[in-house]
Number of protein chains: 4
Amino acid sequence: MTPPDRPVRADAARNRALLLAAAEEEFAERGPSASVADIARRAGVAKGTVFRHFPTKEDLIAAIVSEHIAVLAEAARRLADSPDPGAALLEFLTIAADQRQRHDLTFLQSASDGDPRVTEVRDALHANLETLVDRARTSGAIRADITEADVFLMMCAPIHIVENLPAPAPLLWQRYLAIIFDGLRPDGAHPLPQPAPAAP
Amino acid sequence: MTPPDRPVRADAARNRALLLAAAEEEFAERGPSASVADIARRAGVAKGTVFRHFPTKEDLIAAIVSEHIAVLAEAARRLADSPDPGAALLEFLTIAADQRQRHDLTFLQSASDGDPRVTEVRDALHANLETLVDRARTSGAIRADITEADVFLMMCAPIHIVENLPAPAPLLWQRYLAIIFDGLRPDGAHPLPQPAPAAP
Amino acid sequence: MTPPDRPVRADAARNRALLLAAAEEEFAERGPSASVADIARRAGVAKGTVFRHFPTKEDLIAAIVSEHIAVLAEAARRLADSPDPGAALLEFLTIAADQRQRHDLTFLQSASDGDPRVTEVRDALHANLETLVDRARTSGAIRADITEADVFLMMCAPIHIVENLPAPAPLLWQRYLAIIFDGLRPDGAHPLPQPAPAAP
Amino acid sequence: MTPPDRPVRADAARNRALLLAAAEEEFAERGPSASVADIARRAGVAKGTVFRHFPTKEDLIAAIVSEHIAVLAEAARRLADSPDPGAALLEFLTIAADQRQRHDLTFLQSASDGDPRVTEVRDALHANLETLVDRARTSGAIRADITEADVFLMMCAPIHIVENLPAPAPLLWQRYLAIIFDGLRPDGAHPLPQPAPAAP
DNA sequence: CATGAATGAGAGTTCATTCAT
DNA sequence: TATGAATGAACTCTCATTCAT
């Protein structure tokens with residue numbers, strides 16, 4: 001009867017994008033308790049519009065998180081066949097930190113743990129990252145006892161570290177990424193006191 | 001008529017301690033949105049009593065945070081004259097992570113940034129930690145380009161890292177502390193791309 | 001250019017009927033708080049279409065109610081010249097209850113009290129029912145002190161009564177119609193303590 | 001530690017009563033969609049106070065309903081040993097209608113169907129009413145085929161009937177109670193077309 | 001002093017209604 | 001004309017905070 005899958009209306013798509021951007025900023029500034037009303041105001045739409053696009057606040061959070069993870073999954077995929085696996089892994093971590101530098105939303109991840117769309121992109125990220133890490137390990141760029149799970153877990157650490165400062169220099173995270181990456185290198189490595197966690 | 005200070009103080013001090021403990025547990029379980037009512041219930045006192053001891057929720061948070069920092073300041077002070085500065089620094093980081101492992105309350109720090117009592121103990125921690133780091137650096141246990149600010153900022157990283165897992169093994173953080181500490185060591189160190197932040 | 005009235009009217013009339021049916025079902029299932037969105041979905045049209053046909057939700061309700069009353073008015077008219085006035089009245093009450101049995105929408109009546117179209121068909125029902133009741137009274141099938149207003153008011157009672165049960169047997173209302181009708185009969189009638197209400 | 005079961009504070013008890021009264025009036029005037037805010041305003045308390053006394057709107061409704069049913073259960077109990085069982089039953093129905101005349105809240109019953117407190121008092125009412133009906137039946141005051149379930153279901157009918165009028169005379173319900181009660185009498189009774197429903 | 005009842009601002013969410021497409 | 005995106009008021013409910021008891 002109606003043309004199936006009618007193309008998304010231009011203004012609706014624009015509002016969705018505006019909302020995601022506004023929500024990111026609001027969450028970044030106010031933390032997890034940013035309110036839907038403030039997000040709507042920042043996006044320049046009415047409160048009801050938020051719920052038209054994202055039935056619950058959790059759905060909005062999941063949309064933000066899965067978008068961020070998707071970018072990382074794609075980056076990992078792109079770097080997977082780099083000729084220099086060690087450099088590729090470092091670049092991946094650089095991209096990951098840089099993305100988060102702009103908006104740290106790690107605290108949102110716990111709120112979206114069960115969401116299926118988040119799970120899906122996260123699984124993709126795990127798969128792509130595993131290739132990256134395996135190649136870096138095989139090539140001797142990182143220690144033999146480092147797993148994909150280790151890298152995944154440490155991915156956000158540089159950003160978290162600088163967030164303890166009230167006004168960190170914009171690229172300060174690179175300092176801590178360098179330190180951590182030095183810790184991943186084989187030279188002068190001490191044995192690790194605990195086994196790597198199981199891949200999720 | 002009644003001795004001016006003693007008898008009530010006993011009760012009051014007990015309640016204060018009960019409240020701090022209950023609040024820690026509640027924040028650890030429920031995150032930053034733990035409610036004053038639940039904290040009061042857990043402590044076995046009435047809601048009003050919470051506000052008698054801590055005029056606002058922020059004050060309660062500041063009290064928890066400053067207590068935690070005080071413990072670390074004292075640990076740093078105690079370790080300052082250790083004969084093995086490298087081992088002393090590692091032990092300090094172990095203590096710090098271990099403390100947070102039991103109750104991660106890092107998310108509370110931002111809520112208590114301006115509080116003067118927090119500032120005071122944090123200054124003390126900075127001072128004591130500086131001694132510790134300086135000696136480790138001088139002794140060659142850590143790189144020449146690592147400052148007290150670096151160590152302070154990275155202090156919580158091992159705990160943050162494992163918190164990305166839903167149910168981390170209790171000692172898993174030791175794995176990441178080891179990796180990071182390897183990164184702090186002079187052997188095989190690469191130059192750091194960014195200068196250390198100014199001491200706060 | 002296009003023939004002024006015909007071609008669209010077919011679609012429009014179909015949609016109107018679909019909407020009325022969907023609304024009836026939705027109100028019956030969900031009660032007075034059934035939402036316009038759900039009604040539209042059930043009818044397979046967009047929300048805006050509901051408001052094209054019925055400018056407000058109240059208008060939609062009034063349309064349903066007046067349609068129901070019109071059916072009753074017609075039934076009363078048809079039965080008005082029956083040779084057995086007592087049986088005719090009982091049949092009218094049976095039809096009325098049976099109609100409501102399928103969809104009890106009595107709760108909608110209060111929402112449509114002022115609507116002129118409702119008033120019109122209700123007046124017709126009153127007129128036709130008056131004939132029916134007058135003839136039943138004159139023929140001795142019911143008491144001398146029963147008026148059209150009485151019958152009109154008691155019309156829905158059998159359905160209301162069974163609605164107090166969670167899952168009434170489909171024909172249980174007949175039991176209570178029989179009891180009430182026995183109360184209308186002249187045999188063994190006790191005088192009534194209050195006068196009949198004025199005809200509206 | 002604290003005196004257990006400390007007596008309810010006078011002002012709290014007063015507020016609870018004010019709220020119940022205000023809620024009854026508000027529901028009677030506005031129907032089931034009366035808002036908690038309006039109820040609070042009518043009672044002269046803040047919105048939050050409503051939720052202190054009744055954790056959800058449903059709890060408030062259940063409290064009203066169970067209070068009403070309790071009054072009826074007590075009335076039935078009191079009338080159970082009357083020397084004239086027929087008159088006792090009629091008086092019970094009169095009390096029931098009179099209570100509802102003041103505030104018809106039948107529509108609230110469905111909202112509180114699952115509540116255990118409501119169930120409890122309703123069970124008591126059923127038990128007491130059964131005695132009343134059994135004695136009336138045995139004494140020949142009502143038909144042999146009328147059960148407690150019948151009377152329970154028909155209890156509200158007189159009020160429902162007059163509610164179809166916009167401004168019914170205050171005692172008009174007595175007219176319909178008389179008609180219905182005549183229908184319950186043995187004289188001139190016709191056999192009933194459907195069996196009585198099972199006792200709930 | 002401790003208590004917990006009261007407060008009221010603000011949270012997420014729903015929904016009748018409007019209007020650009 | 002039909003659509004469904006946008007609106008914004010109203011809803012139930014929560015919670016830090018105040019204050020009479």
Side-chain angles (χ1 to χ4, degrees), chain A residues 1-3 6-16 33-40 44-58 60, chain B residues 7-9 11-12 15 33-41 45-60, chain C residues 7-9 11-12 15 33-41 44-60, chain D residues 1-3 6-16 33-40 44-60:
Chain A
M1 204 152 300
T2 54
R6 159 194 311 252
V8 198
R9 255 167 64 173
D11 54 348
R14 206 184 64 102
N15 273 348
R16 204 191 123 98
S33 61
S35 85
V36 172
D38 286 344
I39 291 169
V45 302
K47 227 183 340 174
T49 302
V50 182
F51 290 96
R52 152 159 290 277
H53 288 277
F54 308 99
T56 69
K57 195 185 183 182
E58 284 207 342
L60 171 56
Chain B
V8 278
R9 285 293 268 274
D11 254 38
N15 272 351
S33 61
S35 83
V36 174
D38 286 345
I39 291 169
R41 189 172 314 122
V45 304
K47 231 183 334 179
T49 304
V50 182
F51 288 94
R52 172 161 306 279
H53 287 279
F54 308 98
T56 70
K57 196 185 183 183
E58 284 208 342
D59 287 318
L60 171 55
Chain C
V8 280
R9 286 292 269 273
D11 254 39
N15 272 351
S33 61
S35 82
V36 173
D38 286 345
I39 290 168
R41 190 173 312 121
V45 304
K47 231 183 331 177
T49 304
V50 182
F51 289 93
R52 172 163 304 277
H53 286 281
F54 308 99
T56 70
K57 196 185 183 183
E58 284 208 342
D59 287 319
L60 171 55
Chain D
M1 201 151 304
T2 54
R6 156 195 313 251
V8 198
R9 256 168 63 174
D11 53 349
R14 206 184 63 102
N15 273 347
R16 205 191 122 98
S33 61
S35 85
V36 172
D38 286 344
I39 290 169
V45 303
K47 228 180 344 174
T49 303
V50 182
F51 291 97
R52 154 158 289 279
H53 287 277
F54 308 98
T56 69
K57 196 185 181 183
E58 284 208 342
D59 286 319
L60 171 55

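Within every chain, numbering begins at 1; the chains are lettered A, B, ... in the order of the sequence lines, protein sequences first and strands thereafter.
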Query raised in the report: To the nearest 0.5 Å, what is the distance between CG (A:L60) and CD (A:E58)?
Result: 10.5 Å

Requested in this report: Could you state the atom-to-atom distance from CZ of A:R16 to P of F:dA6 in whole Å?
Outcome: 12 Å

Query - Short side-chain N/O contact to E:dA6 OP1/OP2 from D:H53, under 4.0 Å - result: yes

Query raised in the report: What's the closest nucleotide to the A:F51 side chain, out of F:dA16, E:dT17, E:dT13?
Result: E:dT13

Query - Per-nucleotide pairing state of DNA chain E [Watson-Crick or G-U, under 3.5 Å; [ ] pseudoknot-crossing; | other strand] - result: .||||||||||||||||||||

Query raised in the report: More 5' along DNA chain F: D:D11 or B:T56, using each one's nearest nucleotide?
Result: B:T56

Report summary line: From CZ of D:R14 across to C1' of F:dT21 the rounded distance in Å is 14 Å

**Report entry** Minimum heavy-atom distance A:H53-A:A12, with the two atoms named
**Finding:** CE1-O, 3.2 Å

Requested in this report: Please state how far atom CG in C:L60 lies from atom C1' in E:dC15, giving the value in whole angstrom units.
Outcome: 15 Å

Please produce a list of atom pairs where a protein N or O lies less than 3.5 Å from an N or O of nucleotides 7-11 of chain E.
residue: E:dT7; atom: OP2; partner: D:A46; partner atom: N; Å: 2.7
residue: E:dT7; atom: OP2; partner: D:T49; partner atom: OG1; Å: 2.7
residue: E:dG10; atom: O6; partner: D:K47; partner atom: NZ; Å: 2.6

Query raised in the report: Looking at A:K57 and A:A34, what are the two nearest heavy atoms and their distance?
Result: NZ-O, 2.9 Å

Report summary line: Smallest heavy-atom separation, C:V36 atom then C:F51 atom, equals CG1-CE1, 3.5 Å

Report task. Please list, chain by chain and in numerical order, all residues satisfying side-chain contact (heavy atoms from CB on, under 4.5 Å) with B:R41, sequence neighbours excluded. Result -> B:A37, B:D38

